[in-house]
Amino acid sequence: MLEKQMIENLKKMRELGENPYKYRYDITHSIKEILERPDDFIEKEVVSVAGRVISKRRHGKIMFLDIKDEMSKMQVYLRKDDIGADIYEIAKLMDIGDIIGVKGQIFKTKTEELTVKSDEFTLLSKSLKPLPEKFHGLQDKEIRYRKRYIDLIMNDDVKAVFFKRSEIIETIRKILKGYNFLEVETPVLQPVYGGAFAEPFTTHHNAQDMKLYLRIANELYLKRLIVGGINRVFEFAKDFRNEGMDKTHNPEFTQVEFYQAYADYEDMMNIVEEIFENLVPNGSIEYQGQKIDFKRPWKRIDFYGSIKEKTGFDIKDKTVDELKDIAKKLHIDIENKKTSGKIIDEIFSETVQNDLINPTFVINQPIDISPLAKMHRDIPGVVERFEPIIAGMEVGNAFSELNDPLEQEQRFNEQVKERKLGDSEAFEFDIEFIEAIKYGMPPTGGVGLGIDRIVMILTDSPSIRDVILFPLLKKEK
RNA sequence: GCACCUCUAGCUCAACUGGCAGAGCAACUGACUCUUAAUCAGUAGGUUCAGGGUUCAAGUCCCUGGAGGUGUACCA
């Protein structure tokens with residue numbers, strides 16, 4: 001009904017000789033600029049601003065509007081006597097949601113509100129769908145995610161999250177570029193997937209009649225570039241994992257991975273700390289009611305050691321049956337976990353991970369859950385690896401990269417075995433990657449950081465869907 | 001995947017143990033030249049997510065399906 005009325009208003013505008021969809025409009029100032037230093041504008045230069053009408057108060061021959069541009073909103077005062085009777089007729093046909101431009105001086109009303117006194121009024125784009133009610137805004141989560149544009153129109157804090165997201169990515173990029181890392185692009189479509197434990201999405205290339213996977217990670221390609229002599233390399237990558245969705249998982253998500261030749265995992269911990277030092281300049285933030293302190297150096301805890309400390313059990317060098325027994329004693333459900341690596345990992349996340357609120361590097365993970373990491377130089381059975389944990393969330397993964405091709409070959413073979421034992425997430429054997437590192441890969445440190453989770457933490461968002469503009473939803477039926 | 005919850009006007013929400021489907025905002029008509037959740041008078045607006053069942057009677061109870069949320073599983 002309302003839509004019918006809005007189309008009716010559009011028609012009436014056309015009958016009055018108005019084109020309701022203009023081509024351009026000269027804006028002299030953003031509303032934000034005017035609000036920031038009002039004294040420079042009040043009763044001074046003529047400004048023109050443009051934005052969406054979000055509310056309308058008509059009083060006979062005058063009207064007040066609130067318009068909103070990208071960042072801010074401001075009141076507009078329209079007088080029939082100022083803009084002319086013809087234009088005032090157009091203004092009367094304007095609906096909430098229409099996009100307009102106004103030109104005039106800034107003044108303060110009796111109630112001290114900064115207002116544009118419009119001498120010229122231009123309807124720039126007629127809307128034909130009613131916006132949600134102004135006071136309660138848009139609450140329905142389904143509409144907010146499915147039609148994010150309405151969410152952005154109505155909810156300023158949502159817009160702020162995505163501006164912040166862009167800022168975070170820019171900060172990371174700037175730091176890496178500052179250290180002469182080269183930004184590259186590597187394939188999303190991969191004939192062999194690898195670099196992480198996950199189920200891939202599969203697709204098909206018709207012309208080549210070839211099965212392809214959407215990447216679950218870009219690690220093995222970036223390492224090829226290290227082999228090729230690009231000594232510092234990074235990529236902001238959309239990765240895809242064919243798995244369940246929850247507060248911290250979306251099937252497509254963003255990671256930044258970076259690799260530095262001649263560095264080890266200690267060096268990479270320093271860069272990660274530096275990145276967060278820049279992302280959180282005042283040293284601490286609050287996330288979901290908990291204070292998080294980012295001051296360097298971050299706490300480091302040993303993978304096996306922290307489990308022992310927490311539970312009293314030393315789970316290193318145990319058989320699968322012994323591990324199952326320990327898990328049982330700790331009341332951890334490991335029904336679906338078959339390999340010792342999976343059980344160990346589960347014990348860790350159930351006992352230690354959730355309590356790590358302040359940024360912590362969990363270091364020296366077991367070798368059997370780290371097929372791309374180099375063995376620890378001193379401690380047998382573990383690798384040189386760290387996972388940064390913040391607010392109980394794993395926000396990254398990093399190692400001194402394994403560059404011994406024969407050992408890598410062996411590790412892939414282990415994965416193939418696990419795959420045969422039923423672990424559908426175990427690696428495929430990537431023979432081309434082995435070939436690449438056979439040409440010689442320098443010692444290298446590498447890091448992957450989960451951008452979405454980092455944005456969640458820095459914007460105090462409880463769900464990954466709040467930091468992804470268009471999170472995956474089922475098709476509407 | 002499983003469990004629980006939700007789905008009513010464009011939006012935000014009501015409707016008792018089954019008994020005429022309602023309000024505010026938005027919209028429409030009229031009044032109003034400093035209002036701001038403008039005000040005042042009036043008007044209109046519904047496949048109650050879809051389909052089936054029980055009943056004299058279903059928004060409400062039952063079944064099937066859909067979408068969303070929360071938790072859990074999976075997921076490094």
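Since the structure is predicted, the reported quantities are computational estimates derived from the model, not experimental observations. Just so we're on the same page: letters track the sequence lines, and every chain starts at 1. The basis for the numbers below is simple: all heavy atoms, side chains too, and nothing from hydrogens, waters or symmetry mates.
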Looking for any heavy atom pair under 4.0 Å, which part of the strands does [X] touch: base, sugar-phosphate only, or nothing?
X: Leu473(A); value: sugar-phosphate
X: Phe253(A); value: nothing
X: Asp140(A); value: sugar-phosphate
X: Lys110(A); value: base
X: Arg465(A); value: sugar-phosphate
X: Gln139(A); value: sugar-phosphate
X: Glu133(A); value: base
X: Lys129(A); value: nothing
X: Tyr145(A); value: sugar-phosphate
X: Glu425(A); value: sugar-phosphate

Between [N] and [M], how many Å separate the two [atom1] atoms, rounded to a whole number?
N: C28(B); M: G45(B); atom1: C1'; result: 10 Å
N: A50(B); M: U43(B); atom1: C1'; result: 33 Å
N: C2(B); M: A73(B); atom1: P; result: 16 Å
N: U17(B); M: U72(B); atom1: C1'; result: 35 Å
N: A31(B); M: A23(B); atom1: C1'; result: 25 Å
N: A15(B); M: G53(B); atom1: C1'; result: 24 Å
N: U6(B); M: C49(B); atom1: P; result: 12 Å
N: C4(B); M: C61(B); atom1: P; result: 15 Å

Considering only [options], which nucleotide approaches the side chain of [X] most closely?
X: Glu346(A); options: C28(B), A26(B), C74(B); value: C74(B)
X: Pro132(A); options: A67(B), C25(B), C11(B); value: C11(B)
X: Lys141(A); options: C11(B), U33(B), G69(B); value: G69(B)

So, for [X] and [Y], is the gap between ring centers shorter than 6.0 Å?
X: Phe361(A); Y: Phe386(A); answer: yes
X: Phe107(A); Y: Tyr77(A); answer: yes
X: Phe303(A); Y: Phe348(A); answer: yes
X: Tyr265(A); Y: Phe399(A); answer: no

Fill in: Rounded distance in Å - NZ (Lys4(A)) to P (A9(B))
18 Å

Practice prompt. Validate the cation-pi geometry between Arg224(A) and Tyr221(A): distance from NZ or CZ to the six-membered ring centre under 6.0 Å, angle to the ring axis within 45°.
Written response: yes

Discussion item. Take N1-N3 plus N6-O4 or O6-N4 for Watson-Crick, N1-O2 plus O6-N3 for G-U, both under 3.5 Å. Which runs of 3 or more such pairs involve RNA chain B?
Written reply: B:1-7 with B:66-72, B:10-13 with B:22-25, B:27-31 with B:39-43, B:49-53 with B:61-65

Worksheet item: Does the side chain of Lys61(A) get closer than 4.0 angstrom to OP1 or OP2 of C32(B) through an N or O atom?
Response: no

Worksheet entry | Presence of donor-acceptor pair under 3.5 Å, side chain of Glu113(A) and base of U35(B) | no

Worksheet, complete the sentence: Assign each of Gly396(A) and Asn9(A) the nucleotide of RNA chain B bearing its closest heavy atom; nearer the 5' end lies the nucleotide of Asn9(A)

Discussion item. Please compare Arg146(A) and Arg79(A) by the position of their nearest nucleotide in RNA chain B and report the one closer to 5'.
Written reply: Arg79(A)

Item to complete: Measure from the side-chain N and O atoms of Asp69(A) to the backbone N and O of Ser72(A), and report whether any donor-acceptor pair falls under 3.5 Å.
Response: yes

Practice prompt. Please check if the side chain of Arg241(A) supplies one atom and the backbone of Ile216(A) the other of a donor-acceptor pair under 3.5 Å.
Written response: yes

Worksheet entry | Side chain to side chain, Met63(A) and Arg57(A), heavy atoms closer than 4.5 Å | no

Worksheet item: Looking only at side chains, do Thr115(A) and Gln75(A) share a donor and an acceptor under 3.5 Å apart?
Response: yes

